[in-house]
Amino acid sequence: MVPGWGQAYNKKYWKIPIVYGALGTAAGFFIYNRKEYIDARDAYRNMMDGDNTNNNLIKPKFQPVDPEAVRQYRIAVRQYVDYSVLAFIILWGLNVVDATVDGHLKAFEVNDNLSLHINPSYSPQTKQANLGLVLKLGK
């Protein structure tokens, strides 16, 4: 559940900054896009309410812009918010998969005893000759 915990458990400490960098970047994009969405939403509402007394509530970057352009920008930024949430979830999932696979492969031993042999055989029940490949791992 805690990002980087699996990497620390597997003693792959060099991966922890990568995990937090990736998740922090996705979170940063979410925060920025959420703020932009709220600003664009409020500006569009204040432009379209027909009350000119609250035009001072509109952020300066939206005041010279057409309301339809602000609405389109709001829609685009809302998609960016969704994409940043999706990116965060995918990156968190990759963190979990990396820790799980690394934990399972921790005990996997790779040595020079790997070999591939052709194994011919004969089955008396079916009266057929068989040919197989045998991969020996370890001793």
Side-chain angles (χ1 to χ4, degrees):
M1 294 302 292
V2 178
W5 198 353
Q7 284 76 11
Y9 180 78
N10 293 330
K11 295 182 177 43
K12 303 288 182 165
Y13 302 111
W14 64 272
K15 292 183 180 179
I16 295 172
I18 296 171
V19 168
Y20 278 98
L23 293 176
T25 300
F29 278 120
F30 171 78
I31 292 167
Y32 174 77
N33 289 324
R34 177 78 175 142
K35 180 186 169 303
E36 286 293 309
Y37 171 75
I38 291 171
D39 290 347
R41 180 195 65 192
D42 293 344
Y44 183 70
R45 284 182 184 168
N46 288 329
M47 287 177 176
M48 298 306 292
D49 67 358
D51 184 11
N52 290 336
T53 59
N54 62 3
N55 283 351
N56 60 341
L57 299 175
I58 299 172
K59 300 275 181 172
K61 67 180 174 183
F62 294 118
Q63 286 180 354
V65 181
D66 181 55
E68 181 60 26
V70 173
R71 186 179 79 81
Q72 292 297 326
Y73 179 71
R74 181 193 66 186
I75 292 169
V77 173
R78 175 55 198 237
Q79 287 179 335
Y80 298 153
V81 170
D82 295 343
Y83 292 151
S84 59
V85 169
L86 182 64
F88 187 89
I89 291 170
I90 289 171
L91 291 169
W92 182 80
L94 286 174
N95 160 51
V96 171
V97 168
D98 173 64
T100 304
V101 169
D102 196 29
H104 283 354
L105 293 178
K106 195 174 188 179
F108 186 73
E109 184 179 335
V110 178
N111 56 28
D112 294 336
N113 292 333
L114 296 176
S115 60
L116 183 66
H117 298 286
I118 297 175
N119 187 16
S121 64
Y122 177 76
S123 175
Q125 289 100 1
T126 61
K127 297 180 183 176
Q128 290 183 349
N130 299 318
L131 185 64
L133 293 175
V134 178
L135 176 65
K136 292 185 180 183
L137 301 174
K139 295 179 181 179

Of all heavy-atom pairs between Ala40 and Val70, which one has the smallest distance, and what is that distance? O-CG1, 3.6 Å
Pairs flagged by ring pair (Phe, Tyr, Trp, His ring centres under 6.0 Å) wherever residues 75-96 is involved - sequence neighbours left out: none
Using the ring pair (Phe, Tyr, Trp, His ring centres under 6.0 Å) criterion, which residues pair with Phe62? Sequence neighbours excluded. Tyr73
Heavy-atom closest contact (Ala26 atom, Ser84 atom, distance): O-CB, 3.9 Å
Given Glu36, which of Arg74, Lys61, Arg41, Arg78 fulfils the side-chain hydrogen bond (donor to acceptor under 3.5 Å, both in side chains) condition? Lys61
Does any N or O in the side chain of Gln7 come within less than 3.5 Å of the main-chain N or O of Pro17, such that one atom is a donor and the other an acceptor? no
Counting heavy atoms not belonging to Leu105, are there more than 12 under 6.0 Å from its CG? yes
Does some side-chain heavy atom of Leu133 sit less than 4.5 Å from a side-chain heavy atom of Asn119? no
Return yes if some donor-acceptor pair links the side-chain N/O of Gln128 with the main-chain N/O of Ser123 below 3.5 Å, else return no. no
Decide if atom NZ of Lys12 counts as having more than 12 heavy atoms of other residues, nucleotides or ligands within a radius under 6.0 Å. no
What pair of heavy atoms forms the shortest contact from Ile58 to Ala43, and how long is it? CG2-CB, 3.9 Å
Ala99 and Gly6 have their tightest heavy-atom pair at CB-CA, 3.7 Å
dist Asn95:CG -> Ile18:CD1 (nearest 0.5 Å) comes out at 11.0 Å
Are Phe29 and Ile89 joined in one hydrophobic group, where the rule is that I, L, V, M, F, W and Y side chains link up if heavy atoms are under 4.5 Å apart? no
Run through the side-chain heavy atoms of Ile, Leu, Val, Met, Phe, Trp and Tyr, join any pair under 4.5 Å, and report what else lands in Val2's cluster. Trp5, Tyr13, Ile16, Tyr20
What is the distance from atom CD of Glu68 to atom CE of Met48, rounded to the nearest 0.5 Å? 8.5 Å
Answer yes when Lys35 and Asp39 have at least one side-chain N-carboxylate O distance shorter than 4.0 Å, and no when they do not. yes
Closer than 4.0 angstrom, basic N to acidic O: yes or no for Asp102 and Lys106? no
Counting heavy atoms not belonging to His117, are there more than 12 under 6.0 Å from its NE2? yes
Tell me, do Phe30 and Val81 make a side-chain contact under 4.5 Å, heavy atoms counted? yes
d(Leu91 CG, Leu86 CG) to nearest 0.5 Å is 9.5 Å
Following the transitive rule for hydrophobic clusters with a side-chain heavy-atom cut-off under 4.5 Å over Ile, Leu, Val, Met, Phe, Trp and Tyr, establish whether Tyr44 and Val65 coincide in one cluster. yes
Atom CG of Asn54 and atom CG of Asp49: how far apart are they, to the nearest 0.5 Å? 4.0 Å
Using 0.5 Å steps for rounding, measure from the CG atom of Asn46 to the CD atom of Gln63. 10.0 Å
For Val19 and Pro3, which heavy atoms make the closest approach, and how far apart are they? CG1-CB, 3.9 Å
